[in-house]
Amino acid sequence: RKLLINSLKEQNNKVIENSLDAIFTIEQNGEIVHFNNTAKEVFGSSISGTNPDFVSLFNLNDADTNCIQETITNGSKMPFEAIYTDGYGNKQYFSITLSSIFDVYNNRYQVAAILRNISSLKNTQSELEALNSTLELKVSQRTIELERAIDQALAASQAKSDFVANISHEIRTPMNGVLGMLEMLKEDGLTDQQYHYLKLANSSANSLMNLINDILDFSKIEAGKLSLEHKPLDFFELIHHLESDLGVQATDKNIYLKFVIDIEHKHWVGDPVRLRQVFLNLISNAIKFTSQGCLLYTSDAADERSSVD
């Protein structure tokens, strides 16, 4: 039995001495009484003197300064981290595990400490934190640049919209002049060929005017300046102009365009420009997508509706 005990003791000693972790045996007062080869290589002269103190070797958190007595009392202690600084100022990081052991020969408790060097892990962690900090800074800078670019783009777009909205009258005025002159030419004695050319010019001018109105309205919407007018309008005159403007487009496609107005009162209050745009877009699309036959536009005030069939 003695041989077996001695054999097990020798095996344990070899395991302890050859362990890659630093292993200490510590008295209750913190004095180191034994250490393995790894501990000797790492800590050197720091533990070779008389009565070396385990706790004084490290920079510890306040919660871990009483680790020896805590381990004796509780039997063990949760692993914690500590920093060891050698004589050259180099820092090493250790994860320390403490357990109480009973010395049967001296009839007292001691503490076994196992120290694992985690310096490489800590260095990697520091590098990752530095990289993360750098990335956060770059992301923050890039975000600021993007926000600045977005603000500049929005400002440019707003300036464009404001400009177009503000000069809407100046753009429409010459086009209205062109349309007015074309209407006046109808009153002159024109040959059939000249009248045909006049109708084509009038149709093109009206199409251009519609396009200008659409662009200006879109710009006004962007600039937040679009508003509806409330003024008297002649509904019959509005329909008459639509019939005149769209008649050429319908005739060119051999489509019969007919307007049926069942409204008692010709005078209304509203926005004639927007109303004309709605009717013009509605009927123009109907002509565009009709290959043959007849288009019938009806307005019924009693039912408050208009339709294109």
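- Looking only at side-chain heavy atoms (C-beta outward), Asp86 and Tyr84 come within less than 4.5 Å of each other.
- When the side chains of ILVMFWY residues are joined at heavy-atom separations under 4.5 Å, either directly or via intervening members, Leu179 and Leu198 end up in two distinct hydrophobic clusters.
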> Can you check side-chain hydrogen bond (donor to acceptor under 3.5 Å, both in side chains) on Glu127 and Asn123, steps first, answer last?
Replying inline: CA-CA 6 Å; Glu127 292 174 359; Asn123 292 335; over 6 Å; no
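- Atom NZ of Lys91 sits in a sparse spot, with 12 or fewer heavy atoms from other residues, nucleotides or ligands closer than 6.0 Å.
- Taking every heavy atom of both residues into account, Ser95 and Pro79 meet most closely at OG-CB, 4.3 Å.
- Summarising the geometry of Gly30 relative to Asp53, their closest heavy-atom pair is O-OD1, 3.4 Å, with the distance given to 0.1 Å.
- For the side chain to side chain donor-acceptor pair (under 3.5 Å) condition, the pairs that include at least one residue of residues 111-121, sequence neighbours left out, are Asp21-Arg116, Gln92-Asn117, Asn117-Ser119.
- Contacts classified as side chain to side chain donor-acceptor pair (under 3.5 Å) and involving residues 280-294 (residues at least two apart or in different chains) are not found.
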>> side-chain contact (heavy atoms from CB on, under 4.5 Å), that's the test. Do Thr38 and Ile23 meet it? Break it down for me.
In response: CA-CA 8 Å; Thr38 301; Ile23 299 176; over 6 Å; no
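- Across all their heavy atoms, Ile72 and Gln28 have their closest contact at CD1-CG, 4.0 Å.
- Atom CD1 of Ile83 and atom CZ of Phe58 lie 11.0 Å apart (nearest 0.5 Å).
- The side-chain contact (heavy atoms from CB on, under 4.5 Å) test applied to Phe80 returns Leu60, Asp64, Cys67, Lys77, Ile96, Leu98, not counting sequence neighbours.
- Listed by chain and residue number, nothing satisfies the ring pair (Phe, Tyr, Trp, His ring centres under 6.0 Å) test with Phe289 (two or more places apart in sequence, or in another chain).
- Ring geometry for Phe43 versus Phe24: interplanar angle over 60°, hence perpendicular rather than tilted (30 to 60°).
- No side-chain heavy atom of Asp192 sits under 4.5 Å from any side-chain heavy atom of His196.
- The heavy-atom pair separating Arg108 from Asn106 by the smallest distance is NH1-CB, 2.9 Å.
- Under the side-chain contact (heavy atoms from CB on, under 4.5 Å) criterion, Thr143 pairs with Val139, Glu147, sequence neighbours left out.
- Looking at Glu145 and Arg142, a side-chain N of the basic residue comes within less than 4.0 Å of a carboxylate O on the acidic one, giving a salt bridge.
- Aromatic ring centres of Phe236 and Phe259: separated by at least 6.0 Å.
- Partners of Leu128 under the side-chain contact (heavy atoms from CB on, under 4.5 Å) rule, at least two apart in sequence or in another chain, are Thr124.
- Ile144 has its side chain within reach of Ser140: a pair of non-hydrogen atoms, C-beta onward, lies under 4.5 Å apart.
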